[in-house]
Participant: 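Mind having a look at this structure? Questions to follow.
Numbered from 1 within each chain, the chains take letters A, B, ... in sequence-line order.
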Protein chains: 12
Amino acid sequence: MYGQDRVYKKVEVIGVSKGGIEAAIQAAVDKAHKTLDKLSWFEVEGIRGHVGDDGKITEYQVVLKVAFQLKD
Amino acid sequence: MYGQDRVYKKVEVIGVSKGGIEAAIQAAVDKAHKTLDKLSWFEVEGIRGHVGDDGKITEYQVVLKVAFQLKD
Amino acid sequence: MYGQDRVYKKVEVIGVSKGGIEAAIQAAVDKAHKTLDKLSWFEVEGIRGHVGDDGKITEYQVVLKVAFQLKD
Amino acid sequence: MYGQDRVYKKVEVIGVSKGGIEAAIQAAVDKAHKTLDKLSWFEVEGIRGHVGDDGKITEYQVVLKVAFQLKD
Amino acid sequence: MYGQDRVYKKVEVIGVSKGGIEAAIQAAVDKAHKTLDKLSWFEVEGIRGHVGDDGKITEYQVVLKVAFQLKD
Amino acid sequence: MYGQDRVYKKVEVIGVSKGGIEAAIQAAVDKAHKTLDKLSWFEVEGIRGHVGDDGKITEYQVVLKVAFQLKD
Amino acid sequence: MYGQDRVYKKVEVIGVSKGGIEAAIQAAVDKAHKTLDKLSWFEVEGIRGHVGDDGKITEYQVVLKVAFQLKD
Amino acid sequence: MYGQDRVYKKVEVIGVSKGGIEAAIQAAVDKAHKTLDKLSWFEVEGIRGHVGDDGKITEYQVVLKVAFQLKD
Amino acid sequence: MYGQDRVYKKVEVIGVSKGGIEAAIQAAVDKAHKTLDKLSWFEVEGIRGHVGDDGKITEYQVVLKVAFQLKD
Amino acid sequence: MYGQDRVYKKVEVIGVSKGGIEAAIQAAVDKAHKTLDKLSWFEVEGIRGHVGDDGKITEYQVVLKVAFQLKD
Amino acid sequence: MYGQDRVYKKVEVIGVSKGGIEAAIQAAVDKAHKTLDKLSWFEVEGIRGHVGDDGKITEYQVVLKVAFQLKD
Amino acid sequence: MYGQDRVYKKVEVIGVSKGGIEAAIQAAVDKAHKTLDKLSWFEVEGIRGHVGDDGKITEYQVVLKVAFQLKD
């Protein structure tokens, strides 16, 4: 594909999951893949999370950018 | 809501108002809330403004990111 | 136009062209202008590129933000 | 005071107020002044906020660092 | 004016005012407009402030860049 | 809770664990929850680690900020 | 010249040209060289541009710092 | 070892693995340990990944710096 | 010590001294070591200073983070 | 190639050319391709340049990172 | 002086000296104090240097911002 | 030398010395000059250090980039 003029769009999303960092990334990628367009790649922008009253991490919140090609 | 898998989207907007910084933020939040989706939060990215010929600030331009949940 | 309340939206795109940096920017601006909305300005976020087996640059990839006014 | 050896400590706090950015800063400064030590200055690190169901900003959240001198 | 070659200069100033953030910005813009040149725009670089012995904010210090066109 | 004035404090900690990134985060959250205060959330600032003589990662070191509400 | 004590000053300027990025840089360097002092080097800080109603780039705006030696 | 003069070198590598973030880090550390020198530590610089046609993450790409002592 | 789970805390302090940069760092480290806990390391975040009426530097102000282990 | 474990190395180089920004990039890519390894891509980190006594740009200096796969 | 409206200007300079980092800072402060205005403070932005053919540092180049009050 | 096409390489090293910041820089420059190539300049990226049990700084660790020309 290299060498052909083309354009991509990047969208910022936040995936939230109690299953860990990779699970939160996959959750965001899943949703974006369905509601936006067929994704090509992602870039992690930040990792945060919520802590419950017992001091356990109740969820991971991963900010990421997802990218897809703008087709004609 | 913590502990439930979910996905948010963040969109970058610029609110412009002569009424000050908070007014510019509210202008951008208003418009995004109507044209994009029901917002959850905002984050200020930058504050700029235009100066008139008499040296008075004629408008504030606030760059911000607004976030809303991607529903099924 | 200064002094009138208004709101802009910024979208992140990547233009790819073998014709150089300005060509990659123009490619992204062209596509965004057609598929998103009538653009007002752009901001370059990053410049990358692909290198072929012979050591020649086969394409420039320019990450940029494009901005357009959110109309009523 | 310049020219005398001394040491300051900086602490990161977040002030939350529905009254605007300055009100949120003052809220954080008030609390830190009472619970930490007599403050000397503050530095704003970030401005965020929450948006209600009606699209109105329900509160400003200002992240700031507050500084005070470490006395003997 | 777009499309005409021209050059701007940016100067970094700090406005100090007890009247709040917008007042500090306007103070810096006023002074720069009088002593440097007729300004076109400003960009906020940082927001700080001083705290009095009673925990009240005695002044806001806003670092900003102001820009003006370099005329022939 | 949104809409009520309140103040949070953020503290920077480093969790170290040979069990991976999430384990290092949970280690830091556990300790901070016990020795500082009941945490509300965390933000990852950096991920590092130590490598043993055999080229295996012996521990992950995750720098994070933890936040808790300053109560009256 | 290395090894001799000396002092340089850096000034931030924005060159605007419809002729491309290099043309915008040269425009800013030309003007600064004439109105400020004999320049030694420049550093690009940012690349932006304006888009016309037809989606064509009407001008490039390059933010740069120019440096010159402060003579006695 | 503290207190002895010594010098380290840091090299930037990208580990790619479909097994997750830690697996990608370990892959890069393994290769660098074999081809460069006996590593002392690593620092994660960025986390990216590729998405397949079915919306599943096909690989994680972790940019990291690895460090080793420059021996005499 | 590598390979054992543990947690560190980082605190931001500013050392001020007329004796130079290293003296300002040592001043901050001394005070933090006495009033906080037995420090393990420090990281310089910024270097500033005050200038007297005669143009001589009257003091160096070094912002740094100091780290110590959180013991059980 | 996606989905196969592999490792890349990134090296920072500076290309210098009087022929413009793309020429400086290609100069650095050429040299790195010959002296290091068969490159896969590049990322621009900074653009600087030297100015002659007549105010003309005598050369562009482009800082970039070049990447190549670490083979077995 | 706190509580009185006032405006400062910041100027970026580079001090060069073979005598070390503090000497380079003082050189820049000296020159700026004489040619610009009576300085109030400085902030270090970067530290670089030149290396001679024998591997010895021939000079330190410290980039700093100096600030002075804009008087009426 | 300005005006001649050429290419430099930058390498990241960490100099460690108990003798202070300049000593740590010179240590890293010495080693790189001997083991890599004849250096042209250096850039400081970060300053850290280790603290002994008695609160005294036992060593300075300066992260820097060193640059040398890639010869044919």
Participant: To the nearest 0.5 Å, how far apart are CG in D:L70 and CD1 in I:I14?
Facilitator: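 Rounded to the nearest 0.5 Å, the CG-CD1 separation comes to 10.0 Å.
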Participant: What part of I:I57 gets closer than 4.5 Å to chain D, counting heavy atoms only: side chain, backbone, both or neither?
Facilitator: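 I:I57 has no heavy atom closer than 4.5 Å to chain D.
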Participant: Given heavy-atom pairs under 4.5 angstrom as the criterion, report whether the side chain, backbone, both or neither of I:T35 touches chain D.
Facilitator: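 It is the side chain, since no backbone atom gets that close.
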Participant: Would D:K65 and I:E12 pass as an ion pair if we require N to O under 4.0 Å?
Facilitator: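 Looking at I:E12 together with D:K65, the answer is yes, because their closest N to O distance falls below 4.0 Å.
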Participant: Could you have a look at I:V62, I:T58, I:V16 and say which one has the most heavy-atom pairs with chain D under 4.5 angstrom?
Facilitator: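 The option with the most such pairs is I:V16.
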Participant: At their closest point, which heavy atom of I:V63 faces which heavy atom of D:K10, and how far apart are they?
Facilitator: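 Nearest heavy atoms, I:V63 then D:K10: CG1-NZ, 4.2 Å.
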Participant: Over all heavy atoms of both residues, which pair between I:E59 and D:Q4 is shortest? Give the atoms and the distance, please.
Facilitator: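 Taking every non-hydrogen atom into account, OE1-N, 4.1 Å.
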Participant: Which bit of I:K18 comes within less than 4.5 Å of chain D, counting heavy atoms only: side chain, backbone, both or neither?
Facilitator: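 For I:K18, backbone and side chain are both near chain D.
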Participant: Above 12 or not: heavy atoms from other molecules or residues under 6.0 Å from CG of D:D54?
Facilitator: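 Yes, because the 6.0 Å sphere around CG of D:D54 holds more than 12 heavy atoms from other groups.
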